[in-house]
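Residue numbers start from 1 in every chain, and the chains themselves are labelled A, B, ... in the order their sequence lines are given, proteins ahead of strands. The analysis underlying the following values was restricted to heavy atoms, covering all of them including side chains, and did not include hydrogens, waters or symmetry mates.
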There are 2 protein chains.
Amino acid sequence: MSHTSASASTSRETQKARTRCALLDAGLRLLEDKSLSSLGLREVTRVVGMAPAAFYRHFRDMSDLGVALVDESLGSLHAVVREILEGPRDDVERIDRTVGAIARYVREHPTHVRFVARERHGGVPAVRAAIGRELDRFADEVSQVLATDEVSAGWSAEDVRMLGELYVDHVVMTASAFLDAALGEGPDEETVARTARRQLLLISTGRRHWADAASGAAGT
Amino acid sequence: MSHTSASASTSRETQKARTRCALLDAGLRLLEDKSLSSLGLREVTRVVGMAPAAFYRHFRDMSDLGVALVDESLGSLHAVVREILEGPRDDVERIDRTVGAIARYVREHPTHVRFVARERHGGVPAVRAAIGRELDRFADEVSQVLATDEVSAGWSAEDVRMLGELYVDHVVMTASAFLDAALGEGPDEETVARTARRQLLLISTGRRHWADAASGAAGT
DNA sequence: TCATTCAGTAAACAGGTGTTCGCGGGGCGG
DNA sequence: CCGCCCCGCGAACACCTGTTTACTGAATGA
C-alpha cells in the first residue's frame, strides 16, 4: 500500500504496461484468423516470448484480455465520431466525411475492426456485452447530435434514437464491408464507399420527409 | 457403383441420414454458447453418443459440418422471403409482414439464427464464405422484386441493388436484436419490433422521395 | 445363399491445453 | 544499505484434442 504519489514510478509500472501491451498486440494479431473463444493462453504467451504463467500477472482470463481489446478498439473512436458530427451539417458533405472516416479507420486499424466485427456476436459473453455497451454509447452520442439538427424538429426522442441506431448499425456493416474489400473478398473499396454513400443519402432523404410518413402511422 | 435406382434403399441410407442429422443437431446445440472454431469433434460425437472416428463417415472437417449447418439454416428461408415479397405491395403492410416474419422465425429457430449471426464474421473462412454467398442470393431476390415496384421507376440497377443490400443487412441486424431480446439482454421483443418497423418506414420514405436526392448527386 | 459394402467401434498415438507451485532476481521504499 | 515487492521463469499436473488403425456385424445385391 505505498504509492501516495499518483504518477508512475517510471521503470516498474511502465515495464508492466509494456508487456501488457505486447500481450494485447500478440492477441490481436492471432485473432486475425481465429475467434477469441478458440484463442489459447499459451498461444499468446508463445508469440510474446514469455512463460505461460506470466499471463496471469496481467489478465485473469482470455475473456479479460478480450474486453481490454474492446476498450482499445472502440475507446479511441468516440473522438472521431464527435469530430465528424460537429462539422458542417450539410447532408452530403457529412456523409462524405463519415464514409471517408470509416474507410480510413479500417485502413489504419484493420485488426481492431475485424476483432470487433467478429466478437460482436461471438462466443464470449463478457466481450459481447462490452461491445454492445460501447455501441450503445455511440448510438447515444449520435442521437444527441441528430436531435439538434433543424430537420429533427418535432421528432420524438424515440424516433431520434431509432435513427441513431440505424446509423450506428450501418457504420458497422460498412466497416465490415471495407474489411472484406481489403481482403479481396467481395467488391472493391471504391464500390463499397459508393454504396454506403448512397444508402446514407437514402436514409437522409427519408429523414427529411419523415413528417409525412410518421403522422400516418403514429401509433405503430 | 451400384445404385441404379435413384431412390434410397430405405434402411441403409436413411439411417446414415439420421445420424448425420443427429450430428448437426448436437453441433447446433453446442454452438449456442460457443463459436464454431472452438467446437471440438469429440465434443459433438460425445453428445450424440458415438465414437469420435465415426464423425469422418459424415463430415471431413468441423468447417464441413459448418457449411452444412449454413444450408440448413438459410436454405429454407428463401421460400419465406418470396412469400413476403409477393404479397400486397403497400408499404406499411409489407413492413408489418416482414418484421412479423423475422420475429416468428427467430422465435421458432433461435439456434439457427444465432449460428448464422455468430459465424457471419466468424473465424472459419469456408463458413463465412457460405453465409456471404447466401446473403448475396437474398439481396438478389429482394432487388429483383423491388425493381418491379412502381416506386422504382427510373431507378438504375445499381441503386436498386444498393437498396436490396440495405434491406438484407437490416433484416440481419433486426434478427440479431430479436435474439438478444429473447435472451433478456437489451430491449424486449415488442420494442425491437417497433424500432425495426419505424426504421423500415424511414427507408421506404426515402425510397419514395429518392428522385429528388439522386438527381442532385448523380455522379457520386 | 454367399460375398460385398460400409456405418460404427475400440484403442492407441503424439501432441496441445489451462492452471498451480516454488523460486529467482532486479526495481524500489525505508 | 537492507528488505520487501512482484514480474517472470521453469517444471509438473491432469486432462482433452484430432487422427489413424484394424475390427465387427448388419444390411445389401447377385
Please set out all donor-acceptor pairs under 3.5 angstrom arising from side-chain atoms of residues 31-38 of chain B, sequence neighbours excluded.
{"from": "B:K34", "atom 1": "NZ", "to": "B:E43", "atom 2": "OE2", "distance (Å)": "3.4"}
{"from": "B:S35", "atom 1": "OG", "to": "A:S35", "atom 2": "OG", "distance (Å)": "3.3"}
{"from": "B:S35", "atom 1": "OG", "to": "A:S37", "atom 2": "OG", "distance (Å)": "2.4"}
{"from": "B:S37", "atom 1": "OG", "to": "A:S35", "atom 2": "OG", "distance (Å)": "2.4"}
{"from": "B:S37", "atom 1": "OG", "to": "A:S38", "atom 2": "OG", "distance (Å)": "3.3"}
{"from": "B:S38", "atom 1": "OG", "to": "A:S37", "atom 2": "OG", "distance (Å)": "3.3"}
{"from": "B:S38", "atom 1": "OG", "to": "B:S35", "atom 2": "O", "distance (Å)": "2.9"}

Please report, rounded to the nearest Å, how far the [atom2] atom of [N] is from the [atom1] atom of [X].
{"X": "A:M50", "N": "D:dG10", "atom1": "CE", "atom2": "P", "answer": "12 Å"}
{"X": "A:F55", "N": "D:dG10", "atom1": "CZ", "atom2": "P", "answer": "19 Å"}
{"X": "B:L65", "N": "D:dG18", "atom1": "CG", "atom2": "P", "answer": "12 Å"}
{"X": "A:E13", "N": "C:dG27", "atom1": "CD", "atom2": "C1'", "answer": "12 Å"}
{"X": "A:R57", "N": "D:dC7", "atom1": "CZ", "atom2": "P", "answer": "6 Å"}
{"X": "A:F59", "N": "C:dT19", "atom1": "CZ", "atom2": "P", "answer": "15 Å"}

message: Given D:dT17, C:dA7, C:dT17, identify the nucleotide with an atom nearest to the side chain of B:E43.
response: D:dT17
My understanding is that only residues two or more places apart in sequence, or in another chain, count here; which of them pass side chain to side chain donor-acceptor pair (under 3.5 Å) with [X]?
{"X": "B:E189", "result": "B:R107"}
{"X": "A:S152", "result": "A:R207"}
{"X": "B:E72", "result": "B:H112"}
{"X": "B:D25", "result": "none"}

Summary of side-chain hydrogen bond (donor to acceptor under 3.5 Å, both in side chains) pairs that have at least one residue in residues 48-59 of chain A, sequence neighbours excluded: A:T19-A:H58
Sequence neighbours left out, cut at 3.5 Å: what donor-acceptor pairs do the side chains of residues 171-186 of chain A make with other protein atoms?
{"from": "A:T174", "atom 1": "OG1", "to": "A:H170", "atom 2": "O", "distance (Å)": "2.8"}
{"from": "A:T174", "atom 1": "OG1", "to": "A:H170", "atom 2": "ND1", "distance (Å)": "3.4"}
{"from": "A:S176", "atom 1": "OG", "to": "B:H121", "atom 2": "ND1", "distance (Å)": "3.3"}

Which nucleotides of DNA chain D pair, in dot-bracket form (Watson-Crick or G-U under 3.5 Å, | meaning another strand): ||.|||||||||.|||||||||||||||||
Polar atoms only, N or O, under 3.5 Å: list the protein pairs with nucleotides 19-21 of chain D and their distances.
{"from": "D:dT19", "atom 1": "OP2", "to": "B:Y56", "atom 2": "OH", "distance (Å)": "2.6"}
{"from": "D:dT19", "atom 1": "O5'", "to": "B:Y56", "atom 2": "OH", "distance (Å)": "3.1"}
{"from": "D:dT19", "atom 1": "O4", "to": "B:R42", "atom 2": "NH1", "distance (Å)": "3.3"}

message: Run the ring pair (Phe, Tyr, Trp, His ring centres under 6.0 Å) test against B:Y167 and tell me which residues pass, sequence neighbours left out.
response: none
- request: Identify, residue by residue, the members of residues 15-25 of chain B with a heavy atom below 4.0 Å from DNA chain D, and return them in order of residue number, or none.
  value: none
- line: CD1 (B:I84) and CG (B:L77) are apart, to the nearest 0.5 Å, by 8.0 Å
- request: Indicate whether any N or O donor in one side chain lies under 3.5 Å from an N or O acceptor in the other, for A:D140 and A:S143.
  value: no
Of all pairs that satisfy ring pair (Phe, Tyr, Trp, His ring centres under 6.0 Å), the ones with a partner from residues 123-143 of chain B, not counting sequence neighbours: B:H78-B:F138
